[in-house]
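The structure appears below as structure tokens.
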Amino acid sequence: MKRFLGLADFSREQILDLLALAQALQDKPEPSALAGKILGLVFFNPSLRTLASFQAGMARLGGSSFVITPGQGTWQLETRQNAIMNGASAEHIREGIPVLASYCDALGVRAFAEGKNLAGDLGESLFRMIDTLCDKPLINMESAMNHPCQALADWRTLDELQIPQKAKFVLSWVYHPRALPLAVPAATVHMAAMRGMEVVVLRPEGFALPPQIMTAARQAAAAAGGSLTETSDRAAALAGASVLYAKEWGSTMYYGDTEADSRLRAELSDWCVRERWFAGALPDTKLMHCLPVRRNVAVADEVLDGPRAVVKREAFNRLAVQMAVLHRMLA
Ligand code: CP
């Protein structure tokens with residue numbers, strides 16, 4: 001495997017194969033599998049889980065890693081094409097990425113959406129440039145519109161919980177004081193669709209996922225025997241649901257317009273998951289969230305501290321599935 005950029009690049013069988021490898025490595029650790037191998041990690045944006053789990057996973061397989069946080073102890077890296085570099089950035093990724101790739105055996109990069117132009121972000125222009133600049137295996141650690149490591153970990157979590165393939169999976173928008181990227185909701189809806197689930201996107205008006213994301217997920221759902229619908233009716237969405245996956249994201253109606261987005265979301269602070277949301281769901285409906293989560297803003301304490309929440313298992317599974325990805329790339 002030379003690239004791990006999105007689950008859509010793989011067949012369902014290949015995903016199941018990676019998940020089986022994650023289980024095999026958990027059952028029978030291979031502490032020397034990646035001896036002598038080096039993973040480079042470039043974080044243009046903050047992280048807790050991705051940073052720690054990739055370093056831990058590489059170490060558990062016998063390899064090592066280095067971390068670059070551009071502008072924090074290293075040169076600020078320019079990412080714009082044809083930029084006149086008379087500002088803060090001392091180096092362009094056109095040099096920076098190939099140089100870093102030359103020091104390691106695989107490179108992971110986190111580079112969020114700019115959040116100004118929806119078409120540009122949907123086109124993944126920055127990550128596509130990084131892809132062309134990196135001559136080593138490349139891992140997407142969250143790009144403008146994808147977070148495949150999170151999606152793979154969430155698939156594993158659903159399997160561990162024995163959530164049936166055809167179960168109802170509700171991806172719900174939840175409140176956050178500002179617009180967050182579409183990467184996790186886009187990756188999540190595609191993952192659940194590929195798994196063959198009855199997927200419902202629950203969101204207020206103005207926050208519909210872009211048609212490109214919904215169309216691709218609908219095709220994946222059809223291929224796997226599942227379905228995909230969307231609604232703003234919370235009770236209807238949650239009726240009979242096995243999973244509520246909570247996620248914050250920015251308005252797509254006012255993408256890039258911070259003031260209009262703020263006005264729209266100002267009335268939506270009640271979109272904080274509370275126990276009463278689950279009244280029509282199944283008795284043991286699970287609450288998923290990729291973390292970090294703002295308590296009592298996006299999800300209430302009563303849910304996060306209760307038996308429904310599986311958020312810490314999702315986070316642990318980041319380590320398990322990323323070890324499988326690293327093993328497949330480098331062993
Ligand atoms: N879920 C996730 O990617 O967490 P971090 O942003 O902390 O890496």
Side-chain angles (χ1 to χ4, degrees), residues 4 6-8 10 12 14-27 47-50 52-54 56-57 60 139-142 146-172 174 183-202 217 220-221 224 226 238 241-248 273 277-278 281-293 298-299 303-328:
F4 187 71
L7 294 197
F10 299 90
R12 203 165 177 284
Q14 287 172 314
I15 299 291
L16 296 178
D17 194 43
L18 270 176
L19 292 170
L21 178 56
Q23 188 61 44
L25 290 170
Q26 187 170 304
D27 294 343
S47 168
L48 184 147
R49 278 144 291 275
T50 307
S53 58
F54 265 109
R60 285 190 185 282
I139 301 171
N140 179 347
M141 301 198 301
E142 189 171 340
N146 222 323
H147 197 352
C149 299
Q150 184 66 50
L152 191 60
D154 289 337
W155 189 323
R156 182 171 204 254
T157 305
L158 291 167
D159 288 354
E160 281 182 332
L161 293 167
Q162 298 184 317
I163 304 289
Q165 181 186 332
K166 305 260 180 227
K168 190 172 185 183
F169 179 100
V170 179
L171 167 65
S172 177
V174 289
V184 171
T188 301
V189 78
H190 203 94
M191 176 279 296
M194 272 186 94
R195 195 171 178 269
M197 305 186 80
E198 180 190 344
V199 186
V200 179
V201 179
L202 168 64
L238 283 166
S242 294
V243 177
L244 170 59
Y245 195 111
K247 186 67 191 91
E248 316 81 346
V273 182
W277 281 36
F278 297 90
L282 299 178
D284 62 347
T285 301
K286 299 302 181 196
L287 180 279
M288 299 179 75
H289 189 287
C290 65
L291 302 180
V293 64
V299 185
V303 180
L304 281 170
D305 295 332
R308 298 185 188 285
V310 295
V311 296
K312 285 175 278 191
R313 190 66 196 177
E314 291 174 79
F316 166 76
N317 278 330
R318 292 291 302 278
L319 174 64
V321 301
Q322 288 161 197
M323 284 173 65
V325 170
L326 291 167
H327 194 284
R328 190 50 46 85

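These values consider heavy atoms only, across backbone and side chains, with no hydrogens, waters or symmetry-generated copies. Numbering of residues begins at 1 and proceeds along the displayed sequence.
Separation of atoms CZ (R60) and CG (L326) is listed at 13.5 Å; rounding is to 0.5 Å. Within the model, atoms OG of S242 and CD of E198 stand 9.0 Å from one another, a figure rounded to the nearest 0.5 Å. Rounding to the nearest 0.5 Å gives a distance of 10.0 Å between CG of L282 and CG of L238. Atom NZ in K247 sits 9.5 Å away from atom CG in L171 (nearest 0.5 Å). Atoms OG1 and NE2, from T188 and H289 in turn, are 9.5 Å apart once rounded to the nearest 0.5 Å.
In this structure, F278 and V273 have side chains that are in contact, with non-hydrogen atoms separated by less than 4.5 Å. Taking 4.5 Å as the limit, some side-chain heavy atom of W277 sits within range of a side-chain heavy atom of S172. Considering only heavy atoms from C-beta on, V293 stays 4.5 Å or farther from V311 through its side chain. By the 4.5 Å heavy-atom criterion applied to side chains, E142 and T50 are not counted as neighbours. With contacts defined as side-chain heavy-atom distances shorter than 4.5 Å, the pair Y245/C290 qualifies. Side-chain atoms of V243 and V310, non-hydrogen and from C-beta on, never get closer than 4.5 Å to each other. Between M191 and M194, the closest side-chain pair of non-hydrogen atoms is not below 4.5 Å. Side-chain contact between W155 and L7: present, with at least one pair of heavy atoms (C-beta onward) separated by less than 4.5 Å.
Contact record, N146 with G6: ND2-CA, 3.6 Å, taken as the closest heavy-atom pair. What you find for A324 and L21 is that their closest heavy atoms are O-CD2, 3.5 Å. The shortest non-hydrogen separation linking V189 to A186 is CG1-O, 3.4 Å. A315 and L291 make their closest contact through CB-CD1, 4.4 Å (heavy atoms, listed as atom of the first residue, atom of the second, distance). Residues A224 and R12 approach most closely at CB-NE, 4.0 Å, considering heavy atoms. Closest approach of V170 to A241, counting heavy atoms only: CG2-CB, 3.7 Å.
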Item to check | Check against side chain to side chain contact (heavy atoms under 4.5 Å, CB included), Q322 and I139 | outcome: CA-CA 10 Å; Q322 288 161 197; I139 301 171; over 6 Å; no

Item to check | Step-by-step side chain to side chain contact (heavy atoms under 4.5 Å, CB included) determination, L152 to L19 | outcome: CA-CA 8 Å; L152 191 60; L19 292 170; 3.8 Å; yes

Checklist entry - What's the verdict on side chain to side chain contact (heavy atoms under 4.5 Å, CB included) for L161 and K286, showing C-alpha distance, side-chain angles and the deciding distance? => result CA-CA 9 Å; L161 293 167; K286 299 302 181 196; 4.0 Å; yes

Next on the checklist: Please determine whether side chain to side chain contact (heavy atoms under 4.5 Å, CB included) holds for the pair D17 and F10, giving the CA-CA distance in whole Å, both sets of side-chain angles, and the decisive distance to 0.1 Å.
Outcome noted: CA-CA 10 Å; D17 194 43; F10 299 90; over 6 Å; no

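A donor-acceptor contact closer than 3.5 angstrom is absent between the side chains of R195 and Q165.
Listed by chain and number, the residues in a side chain to side chain donor-acceptor pair (under 3.5 Å) with D284 amount to none (sequence neighbours excluded). Under the rule for a side chain to side chain donor-acceptor pair (under 3.5 Å), H190 has no partner lying at least two apart in sequence or in another chain.
Judged as a side chain to side chain donor-acceptor pair (under 3.5 Å), the pairs with a partner in residues 307-317 (not counting sequence neighbours) are, in order, R156-N317, T157-N317, E160-R313, E160-N317, E275-R308.
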